[in-house]
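The sequence lines fix the lettering, A, B, ..., with proteins before strands; numbering per chain opens at 1.
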Number of protein chains: 2
Amino acid sequence: MAGIKDYGFRMTPQRMAILDFLEGNTSHPSAEEIYQAVLQKYPMISFATVYNTLEALRKNGKVWELNIDDDRKRYDPNTHSHHHLLCTKCRKIVDIHYDFDLRFPDEQTQGFKVTGSHVEFYGLCQDCAEMEESK
Amino acid sequence: MAGIKDYGFRMTPQRMAILDFLEGNTSHPSAEEIYQAVLQKYPMISFATVYNTLEALRKNGKVWELNIDDDRKRYDPNTHSHHHLLCTKCRKIVDIHYDFDLRFPDEQTQGFKVTGSHVEFYGLCQDCAEMEESK
DNA sequence: TTCTCTGCAAATGCTTTGCAGAGGC
DNA sequence: GCCTCTGCAAAGCATTTGCAGAGAA
C-alpha cells in the first residue's frame, strides 16, 4: 500500500479508494462523480473527505483541477502536459495530446513570469453533432 | 441611445450602465465587480439584473464568460479572438493578442466538431513576482 | 398597450469549514 | 501516542429563480 512518502500525506482507505478511481481515469470527473463512484466501494465516505483529498492531491501535483466547465470543477489525474476539448452540449471532455507552439512576443506579457499554459477547445462531440443534424 | 436592434434585447438604464462600464474594459471583472462599479452611478441596480444582463450579452455574443478563475466567472467585453494570462497569486488577468497555430491531428478529435479555442497562460504578474523575490 | 425587464428575497448548488472522535504512522 | 484525517452538519458564496410591479418599445 502506498505510504506517506509517495504522496506527501497520510494514506487512508478513503484516499486509496479515491486514488483507485482516479488512476488512469480519462473521464475528467467532478467531485460529485468521484463521490458517487467511491460510494459504491466505500459506503461511508463523506463529501468533505472527497474535497479534502482532492485538495491534498492538487497541492502535491497529483491531479489537475480543470475550470473548463462552467459550473463545476473537474479533476484530471493525468498531470503530464496535455490539453482539452469540451463538448459544449453534453459537457464531455476529451484529452488532446499535442505539443503546440505557444511562444509569443515578450512585449505581450506585461512583466508576467509565465509558468504554465493550457489550450481549451470547444465543439460538439460526435453524438451531439449527430443529434443536431437530425433535428 | 442604442436600441433593441443593436443588441437584440430591450435597452434599459441599468443595461446602459453595465455596457458603459464594460466598454473598452480590459480588467476582466467578475459579476460582483460589475455590480459594485455600476452601483456608483446607478444606486438602484440589483444583482439579478447584472446576471440577467450578462447572460443576455453572452447569448448575443457581446461578452465572453471566462472560466479561467477558480471560483468566479469573469467577463470580457472583447470578443475578438484573443487569449489570457492569469496571475495565480493576485488573480489579475491580461490579454494576449497573438495568433497561435492550434491545428492538431484529426485522430485526436474523437469525432468532435471543433468550433472554438482559447489559450490560458498561468504565471506571476510583475508585482507578485517581486513580492516573492523579496521574501 | 404589450411584454420584457427590474428589484427583492429566497432558493439552489457547489465547495468549505468547525468540531469531536477515529485511526494511520 | 501524536496529530492528521474522517464524517457530519452547518455555513459560505456565487449564481439563479419566482413574482408582482415598472417601464421600454
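Candidate nucleotides C/dT16, D/dC5, C/dA9 were compared by shortest atom distance to the side chain of A/Lys73, and C/dT16 ranks first. Comparing atom distances between the B/Tyr42 side chain and each of D/dG7, C/dG7, D/dT6 picks out C/dG7 as nearest. Out of D/dC5, C/dG7, C/dT16, the shortest distance to the side chain of A/Arg10 is found at D/dC5. In this structure, the nucleotide among C/dC5, D/dT15, D/dC8 sitting nearest to the side chain of B/Phe9 is C/dC5. Closest approach to the B/Gln14 side chain among C/dG7, D/dT6, D/dG7 is made by C/dG7 (side chain taken as heavy atoms from C-beta onward).
In this structure, A/Asp70 atom CG and C/dC14 atom P are separated by 13 Å, rounded to whole Å. The CG atom of B/Asp71 sits 8 Å away from the P atom of C/dT16 (whole-angstrom rounding). B/Glu33 places its CD atom 16 Å from the P atom of D/dC13, with the value rounded to the nearest Å. B/Phe47 places its CZ atom 15 Å from the C1' atom of C/dA10, with the value rounded to the nearest Å. The nearest whole Å value for the distance from the CE atom in B/Met16 to the P atom in D/dA24 is 12 Å. Rounding to whole angstrom units, CD of residue A/Glu65 and P of C/dT15 are separated by 8 Å. Look at CD on B/Glu32: it is 9 Å from P on D/dT15, rounded to the nearest Å. When rounded to the nearest whole Å, the span between CG of A/Leu54 and P of C/dT15 equals 10 Å.
Two residues, A/Val50 and B/Glu55, neighbour DNA chain D, and the one matched to the more 5' nucleotide by heavy-atom proximity is A/Val50.
With B/Leu124 as the partner, the side chain to side chain contact (heavy atoms under 4.5 Å, CB included) test is satisfied by one option alone out of B/Glu130, B/Met131, B/Glu133, B/Lys89: B/Lys89.
Here B/Glu65 does not pair with B/Arg74 in a salt bridge; the nearest charged N to carboxylate O distance is not below 4.0 Å.
Between B/Trp64 and B/His84, the ring planes lie perpendicular to each other; the angle is over 60°, past the 30° to 60° tilted range.
Using a 4.0 Å heavy-atom criterion, one finds that B/Asn52 contacts the bases of the nucleic acid, with or without backbone contacts as well.
Environment of CG in B/Asp99: sparse, with no more than 12 heavy atoms of neighbouring residues, nucleotides or ligands closer than 6.0 Å.
Listed by chain and number, the residues in a side-chain contact (heavy atoms from CB on, under 4.5 Å) with A/Lys59 are A/Glu55 (sequence neighbours excluded).
Regarding contacts with the backbone of D/dA14, a side-chain N or O of B/Arg72 is found under 4.0 angstrom from either OP1 or OP2. Look at B/Thr12 and you won't find any side-chain N or O under 4.0 angstrom from OP1 or OP2 of C/dC5. Close to C/dT4, at under 4.0 Å from its OP1 or OP2, lies no side-chain N or O of B/Arg15. Within the structure, a side-chain polar atom (N or O) of A/Thr49 is placed less than 4.0 Å from OP1 or OP2 of D/dG7. Between B/Tyr51 and the phosphate of D/dT16, there is no side-chain N or O to OP1/OP2 separation shorter than 4.0 Å. The side chain of B/Ser46 places no N or O atom within less than 4.0 Å of a non-bridging phosphate oxygen (OP1 or OP2) of C/dT6.
Remark: the B/Tyr35 side chain and the B/Glu33 side chain contain no N/O donor-acceptor pair separated by less than 3.5 Å.
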